[in-house]
Amino acid sequence: MSREQQAVETAKKAFLTGRSKPLEYRIAQLKSLQRFIVERQKDINAALKKDLNKSELGTPLYETLGLEGEILLAVNKLAEWAAPRPVEKNLLTLSDQVFIQPEPLGVVLIIGAWNYPWAVTIQPLIGAIAAGNAAVVKPSEVSAHTSKVMEELLPLYLDKEMYPVVTGGVPETQELLRQRFDHIFYTGNSTVGKLVMEAASRHLTPVTLELGGKSPCYIDKDCDLSIACRRITWGKFTNCGQTCIAPDYILCEPSIQDRVIEEIRKSIKEFYTEDPKTCEDYSRIINQRHFKRVMAMMADSTTAVGGDHDESQCYIAPTVLRDVKPDAKVMQEEIFGPLLPILTVSGVDEAIRFINDREKPLALYVFSPDNKLIKRVIAETSSGGVLANDCLVHYSVSALPFGGVGNSGMGCYHGKHSFDQLSHLRGCLIKSLGMEGVNNMRYPPHTAKKLDW
Ligand code: NAD
């Protein structure tokens, strides 16, 4: 039996004991997870520094504070989420009990990505624990230091039979995907997302696919460009542009392009100094393969800001590209790096057409002081989520479902959405054996007299 098979068998056996069903068990596990984050913050930070040069002070903001918030919410709300949910009755069930009973699915496979390796791997685990499932946790091999910390330390805090951690790369993940799960929760790129779904289909396993894509950012000419560009600079260059909901490209009218560039240049200097390479808060590209991929995207566009790079450090400066054409290399796939192309459009109509001509993105950003324009963009486009006049922060609102649509993914999570996503919402109807008279009409023989009431 392979290591992967063993992990799945162990989790399955643990689930079948039924010990993950009582809410007390789930709450105790969630509290242990919380303790892990607090007690092991130094290990977490050190691994992230090695993986992505993430700053020690910035790590809680982007990786662990959100997790702690989600744990606290789940602990406080679990009784409410897990309780039977009464629903509206129809005439024939007026005196019956009609309700939805959330129940655990079984064993969930969580496949994480490397860019925010804690956030995207542990957050689904919070949902899986809250919903009473077992889970096999597969962190990304690309963020190798984080993966090692997860493998070594998580079992010291959690029920290691119920939540085994399996490390490894593509062959190991493929071996896991051959096993039978009750749900697969995958975060990563759309190409592998398709492979995950294909593998899941062999066992009719439902999937949540948290994917990426090119998230557009439209800037209306009437907005305060200084504030808009400061927020966009933050959203784009945080984690060196390796954020699934980073604004991928800007759409704006030609008349404001120069000012947009200047404002972004100012904000880059404010956040990362004249020399981002020496700035603690500026991350690195995860590895040489991705470095080369991002560098190749710059080839046929004009650099307005940045462009410096150092392969030995996987460093690429915050870079703005101007007058980018829709057929430029940088517009062919998700950038996932610190390049910000600006494409000019004649106005919001063309921006909407441009967005709708492409795959549905994970996030859509619009900056404008005009509420009507914002509402119009929301009404006439589609995306996983939409955020006006800021970047990234919709991710932090637990009440909002987080997830993609179309090519950017399927299913959603965060807060109660995670609980629901990883539960079976079972429809339940409890009748009494009395009042048989009301059922007469449904029993054959179907005569006109029976229908005449
Ligand atoms: P990655 O390379 O770490 O892959 C993700 C996982 O898939 C890993 O655990 C890896 O082992 C596994 N994997 C890779 N190739 C495989 C294969 N051929 N067969 C089976 N498993 C395989 O991460 P990535 O895909 O480079 O991550 C970046 C992408 O993830 C971007 O597109 C980004 O937008 C997206 N992302 C989305 C979210 C979200 O919440 N929607 C969050 C983070 C990242």
Side-chain angles (χ1 to χ4, degrees), residues 4 51-52 62-63 66-67 70 109-125 127 136-147 150-151 165-179 181 184-200 207-215 235-236 238-248 285-287 289-291 293-294 332-337 359-364 383-385 392 394-396 400-414 417-418 421:
E4 293 74 25
D51 283 330
L52 285 140
Y62 298 104
E63 290 269 7
L67 294 177
E70 286 268 315
L109 171 62
I110 297 170
I111 306 177
W114 52 265
N115 58 331
Y116 292 88
W118 292 96
V120 305
T121 314
I122 301 301
Q123 193 138 328
L125 178 62
V136 175
V137 181
K138 161 62 186 67
S140 172
E141 72 280 14
V142 181
S143 41
H145 297 94
T146 295
S147 181
M150 238 180 250
E151 182 185 29
V165 179
V166 176
T167 54
V170 174
E172 289 79 4
T173 317
Q174 286 172 343
E175 173 65 3
L176 278 172
L177 286 170
R178 278 189 280 275
Q179 313 307 312
F181 290 93
I184 299 177
F185 194 111
Y186 165 81
T187 302
N189 66 73
S190 304
T191 309
V192 174
K194 288 174 192 163
L195 298 176
V196 169
M197 197 166 168
E198 202 179 312
V207 290
T208 304
L209 300 178
E210 294 288 340
L211 312 176
K214 290 184 87 61
S215 297
K236 178 70 190 190
T238 289
N239 202 27
C240 207
Q242 299 162 114
T243 305
C244 56
I245 44 172
D248 189 273
I285 299 289
I286 183 77
N287 58 28
R289 180 170 70 81
H290 281 283
F291 174 89
R293 182 186 61 76
V294 176
Q332 305 317 307
E333 59 173 84
E334 180 183 5
I335 299 167
F336 224 55
E359 296 285 5
K360 292 180 182 178
L362 184 58
L364 192 157
S383 63
L392 313 186
H394 59 303
Y395 180 90
S396 68
L400 286 176
F402 183 83
V405 56
N407 209 57
S408 55
M410 62 182 67
C412 63
Y413 73 138
H414 289 195
H417 305 288
S418 301
Q421 182 80 173

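All residue numbers refer to positions in the sequence shown, counting from 1. Remember, it's 1-based here, ligands and their atoms both numbered in the order they're listed.
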Do [X] and [Y] come within less than 4.5 Å of each other through their side chains, counting heavy atoms only?
X: Phe336; Y: Val294; result: no
X: Thr167; Y: Glu172; result: no
X: His414; Y: Gln123; result: yes
X: Glu334; Y: Asn189; result: no
X: Glu210; Y: Val120; result: no
X: Thr173; Y: Val196; result: no
X: Ile245; Y: His394; result: yes
X: Thr243; Y: Tyr62; result: no

Do ligand 1 and [X] have nitrogen or oxygen atoms that lie under 3.5 Å from each other?
X: Lys138; result: yes
X: Tyr413; result: no
X: Arg289; result: no
X: Val192; result: no
X: His290; result: no

Return the residue, atom name and 0.1 Å-rounded distance of the protein heavy atom closest to [atom].
atom: atom 35 (C) of ligand 1; answer: Gly188 O, 3.4 Å
atom: atom 21 (N) of ligand 1; answer: Thr173 CG2, 3.3 Å
atom: atom 40 (O) of ligand 1; answer: Phe402 CE2, 3.3 Å
atom: atom 32 (O) of ligand 1; answer: Glu334 OE1, 2.6 Å
atom: atom 17 (C) of ligand 1; answer: Val170 CG1, 3.6 Å
atom: atom 26 (O) of ligand 1; answer: Trp114 NE1, 2.9 Å
atom: atom 11 (O) of ligand 1; answer: Glu141 OE1, 2.6 Å

Check your understanding: Contact between Tyr186 and ligand 1, counting heavy atoms under 4.0 Å?
Key -> yes
Any idea which atoms of ligand 1 are less than 4.0 Å away from a heavy-atom of [X]?
X: Leu362; answer: 41 (N)
X: Phe336; answer: 28 (C), 31 (C), 33 (C), 34 (O)
X: Ile111; answer: 6 (C), 7 (O), 9 (O)
X: Asn115; answer: 43 (C), 44 (C)
X: Ser140; answer: 1 (P), 3 (O), 9 (O)
X: Asn189; answer: 24 (P), 25 (O), 29 (C), 30 (O), 32 (O)
X: Gly112; answer: 5 (C), 6 (C), 8 (C), 9 (O)
X: Leu211; answer: 37 (C), 38 (C), 39 (C), 41 (N)

**Study point:** Shortest non-hydrogen separation from Ile335 to Asp248 and the atoms involved
**Key:**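 In this case the closest contact between Ile335 and Asp248 is N-OD2, 3.0 Å.
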Review point. Which pair of heavy atoms, one from Val166 and one from Pro139, lies closest together, and at what distance?
Key: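 Closest heavy-atom pair between Val166 and Pro139: O-CD, 3.4 Å.
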Check your understanding: Of all residues at least two apart in sequence or in a different chain, which pass the salt bridge (Lys or Arg N to Asp or Glu O under 4.0 Å) check with Glu70?
Key ->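 Scan of Glu70 (salt bridge (Lys or Arg N to Asp or Glu O under 4.0 Å), adjacent residues dropped) gives none.
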Review point. Phe402 vs Tyr395 aromatic rings, parallel, tilted or perpendicular, using cut-offs 30° and 60°?
Key: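 The arrangement is perpendicular - the two ring planes meet at more than 60°.
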Point to revise | Per atom 36 (N) of ligand 1, closest listed option by heavy atom (Cys244, Gly212, Gly403) | key: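 Looking at heavy atoms only, Cys244 sits closest to atom 36 (N) of ligand 1.
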Review point. Taking only residues two or more places apart in sequence, or in another chain, which ones meet Ser143 in a side chain to side chain contact (heavy atoms under 4.5 Å, CB included)?
Key: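 With sequence neighbours excluded, Ser143 shows a side chain to side chain contact (heavy atoms under 4.5 Å, CB included) to Asp51, Trp114, Pro117, Ser140, Thr146, given in chain and number order.
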